[in-house]
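Take a look at the structure set out below.
The analysis underlying the following values was restricted to heavy atoms, covering all of them including side chains, and did not include hydrogens, waters or symmetry mates.
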Amino acid sequence: MNNLIYFIRRFLYLIPVLLGVCLIIFFLFNIVVGDPTPLLLGKNATIEQMETLREELGLNRALYLQYFDIVKSAFTLDFGRSWATKQQISQMIINGVVPTLSMTLPAFFLSTFISLIVAIVVAFYRGGKVDFVVRAACIAGMSIPSLSYILFFQYYLAYQEGLFPIQGYDYGFPHFIPFIILPALIWIILSIGPDVRFFRTVILDELYQDYVRTAKAKGLSQVNILFKHVLRNSLIPVITYVVIQLPYLILGAILLENFFSIPGIGSMILSALNSNDFPVLKSLAVITSLALIIFSLLTDFLYTLVDPRVKLS
Amino acid sequence: MIEAIMKKESALNKMNEKTYLIERSKSLYQDAFERLLKDKAAVAAAVVVFFYSVIAILSSMGIIAADWNTEVGPSYSPPSASFWLGTDIFGRDVFTKIIHGTQVAMSVGLFTSLIAIPVGVILGAISGYYGGLVDELIVWFYTTISSIPSIMLIISISLIMGKGLVAVYVALGTTSWVSLCRLIRGEVMKHKNRDYVQAAQALGGSKLRQLFKHILPNVTHIVIINASLQFQIAIKSEVILSFLGIGVQSQPSWGTMIDDAKLELVGRGVWWQLVGATIAMFIIVLAFNILGDALRDALDPKLKGKN
């Protein structure tokens, strides 16, 4: 019963946050930026042209109505049409999500899996040479800018060695695979450093708990303690960490998608940015925020389910 | 006779002094400083940060690398004795450009922190200390901000503010105060009911005095750790903004130099701008990473005795 009330309250809290997100987007795009028509029409636009365009884009309407439009779009997911391509934005997003997810999903799960295994090994040999080397490699790898990785791997592995296609994308299940291997590989390399560090800290945090000492005193083996006791307890932060990252998979990787010409959401963001396509940027901000809000709610629910100690007021 | 007594007394005094010195416990920062000095990697990192800061200051004063914009040789000449890291498309010396880029990178880190830290600390402290409606409002505000993926927020802000360094500072500053605010809020909430705060209250200390004079000094370590991590995130983000074309204009930065490589590598094989800027950035980001970790180990009381 208590849980139910908590869930309902937590669910209702979505509304002010969503309204706030819309308010910030509205504030940035509809108030601060002022009049986008000179950007769209160029320097030689006449005043009449600008006026008609404003009318056409609905920029002459009362401000509260413009705000209401954004809020409405968050619920109906109908974002209107792009200024640049005149397409339905919701359709553009659907078209873009498939290539994005085809690259980010496998990359994300592989990198999480690999990082978790490395973290377990490192935690097992904590304080030793393996631990030191892996930690040093992680921190060094994290210190190289992502753009440098992409440029280097694309140039060296794809262009010079010809191991992968340099760029491009094919729709349909088996066809896209050759095109996503290299970007996915770079994604894994980029995320393995922070992931291993996080998982290692989580596991080590558990290792210092009293129950581990008890298990050791009982005479259980190191492997037994690590896999049967510690790992289970460290699953909570690990699950949270994984779930909260899922919405970002929709957003894709702007850099990777652009360099490898994957026609996903990341490419959409950049082309919208270059053509001052405000509706597309606004709707992407709304939809990714929506995903983020829903998934953070989901992690909270998971938390209470997985850990009965978490009693929420 | 008197002399002997005096001698004895002074010897006693000395002994007392000694025991006094031994028994006097170290402050958090004294202890942290001593721990840092023992950590060779942390000392090296601090030296690197200092070195880069000096270069950045000298460059911003126009003492070094002021001539980055002059043509010194042929376009795209490879690294040689006269041009350590070769030249770029306009025949400008890449090494000089990298030195000038230090100024941009350090200023991005500095100004981002200068925006994020006061906002995060003040909002977090008020929220944690006063609670109630103010707290609800501030929590709502940062939940909202953190619900928008920061890359979308950064893009929107830079688009609106126009291109340039100031837009970069503001965009990165407004997105990076949230985590600090959340940490400070939690920590202040923990501290506000502790005995020393109640003692301050009993002695008639006003709320503001309790908060700023008593509680905040006890949470400063969070700010220091956070700033060190924030700094390198800002430096790394500058590259992405440069790629998006909304970063620094009309002066070289490591980001624009790395971004230039996308036109230089294929066909021309010009790698020196990419490698040079990447290494320059790698060293300082690594230094901040190591320093941040060492600071956390040294300053966070929860971690003591674990390593």
By a 4.5 Å heavy-atom criterion (distance strictly below it), what part of B/Ile284 contacts chain A: side chain, backbone, both, or neither? neither

Apply the test salt bridge (charged side-chain N to carboxylate O under 4.0 Å, His left out) to residues A/Arg197 and B/Asp293: give CA-CA distance (whole Å), side-chain angles for both, the deciding distance (0.1 Å), then the verdict. CA-CA 11 Å; A/Arg197 270 164 64 89; B/Asp293 276 8; 2.9 Å; yes

Treating A/Gln154 as the side-chain partner and A/Phe259 as the backbone partner, does any N or O pair qualify as donor plus acceptor under 3.5 Å? yes

A/Leu281 portion near chain B, given a 4.5 angstrom heavy-atom threshold: both

Among the options A/Arg126, A/Gln160, A/Met142, pick out the one with the most heavy-atom pairs lying under 4.5 Å from chain B. A/Met142

Greatest number of heavy atom pairs closer than 4.5 Å to chain A - which of B/Ala277, B/Pro149, B/Gly269, B/Ser158: B/Pro149

Among the options B/Ser156, B/Gly255, B/Ser237, B/Ala287, pick out the one with the most heavy-atom pairs lying under 4.5 Å from chain A. B/Ser156

Highest number of heavy-atom pairs under 4.5 Å with chain A: which of B/Ile155, B/Thr143, B/Val266, B/Thr278? B/Val266

Ignoring hydrogens and angles, tell me if any N or O in the side chain of B/Trp254 forms a donor-acceptor pair with the backbone of B/Ala280 under 3.5 Å. no

Ignoring hydrogens and angles, state whether a donor on the side chain of B/Ser253 or B/Glu238 is under 3.5 Å from an acceptor on the partner side chain. yes

Please classify the contact between A/Ile166 and chain B as side chain, backbone, both or neither, with a heavy-atom cut-off of under 4.5 Å. neither

Could you have a look at A/Leu19, A/Ile293, A/Ile150, A/Ile139 and say which one has the most heavy-atom pairs with chain B under 4.5 angstrom? A/Ile139

Which atoms of B/Ser146 come close to chain A, meaning under 4.5 Å heavy atom to heavy atom: side chain ones, backbone ones, both, or neither? backbone

Applying the side chain to side chain contact (heavy atoms under 4.5 Å, CB included) criterion to B/Val48, which one of B/Tyr52, B/Phe50, B/Phe51 satisfies it? B/Tyr52

Options B/Ile157, B/Ile279, B/Val275, B/Leu274, ranked by heavy-atom pairs under 4.5 Å with chain A, top entry: B/Leu274

Toward chain B, the part of A/Arg135 with a non-hydrogen atom under 4.5 Å: neither

Please identify, among B/Ile148, B/Ile235, B/Ile145, the residue contributing the most non-hydrogen atom pairs under 4.5 Å to chain A. B/Ile148

Evaluate the criterion side-chain hydrogen bond (donor to acceptor under 3.5 Å, both in side chains) for residue pair A/Gln66 and A/Asn30; output intermediate values, then yes/no. CA-CA 8 Å; A/Gln66 293 185 32; A/Asn30 295 43; 2.8 Å; yes

Segment of A/Ser146 engaging chain B (4.5 angstrom heavy-atom cut-off): side chain

Apply ring-ring contact (aromatic ring centres under 6.0 Å, His included) to A/Tyr241 and A/Phe199, showing your working. CA-CA 9 Å; A/Tyr241 182 80; A/Phe199 294 147; 5.4 Å; yes

Could you have a look at A/Phe152, A/Tyr248, A/Tyr13 and say which one has the most heavy-atom pairs with chain B under 4.5 angstrom? A/Tyr13

Considering only heavy atoms and a distance below 4.5 Å, find which of A/Ser143, A/Ala285, A/Gly20 pairs most often with chain B. A/Ser143

Is it the backbone or the side chain of B/Lys262 that comes under 4.5 Å from a heavy atom of chain A, or both, or neither? both

Taking the six-membered ring for Trp, are A/Phe278 and A/Trp83 closer than 6.0 Å centroid to centroid? yes

Lys/Arg N to Asp/Glu carboxylate O, B/Asp297 vs B/Arg35, below 4.0 Å: no

B/Thr256 side chain to B/Pro252 backbone, donor-acceptor under 3.5 Å: no

Of the listed residues (A/Pro247, A/Ala140, A/Ala291), which shares the most heavy-atom pairs with chain B below a 4.5 Å separation? A/Ala140

Give me the ring orientation class for B/Trp177 and B/Tyr142: parallel if the planes are under 30° apart, tilted from 30 to 60°, perpendicular past 60°. perpendicular

Which atoms of A/Ile24 come close to chain B, meaning under 4.5 Å heavy atom to heavy atom: side chain ones, backbone ones, both, or neither? side chain

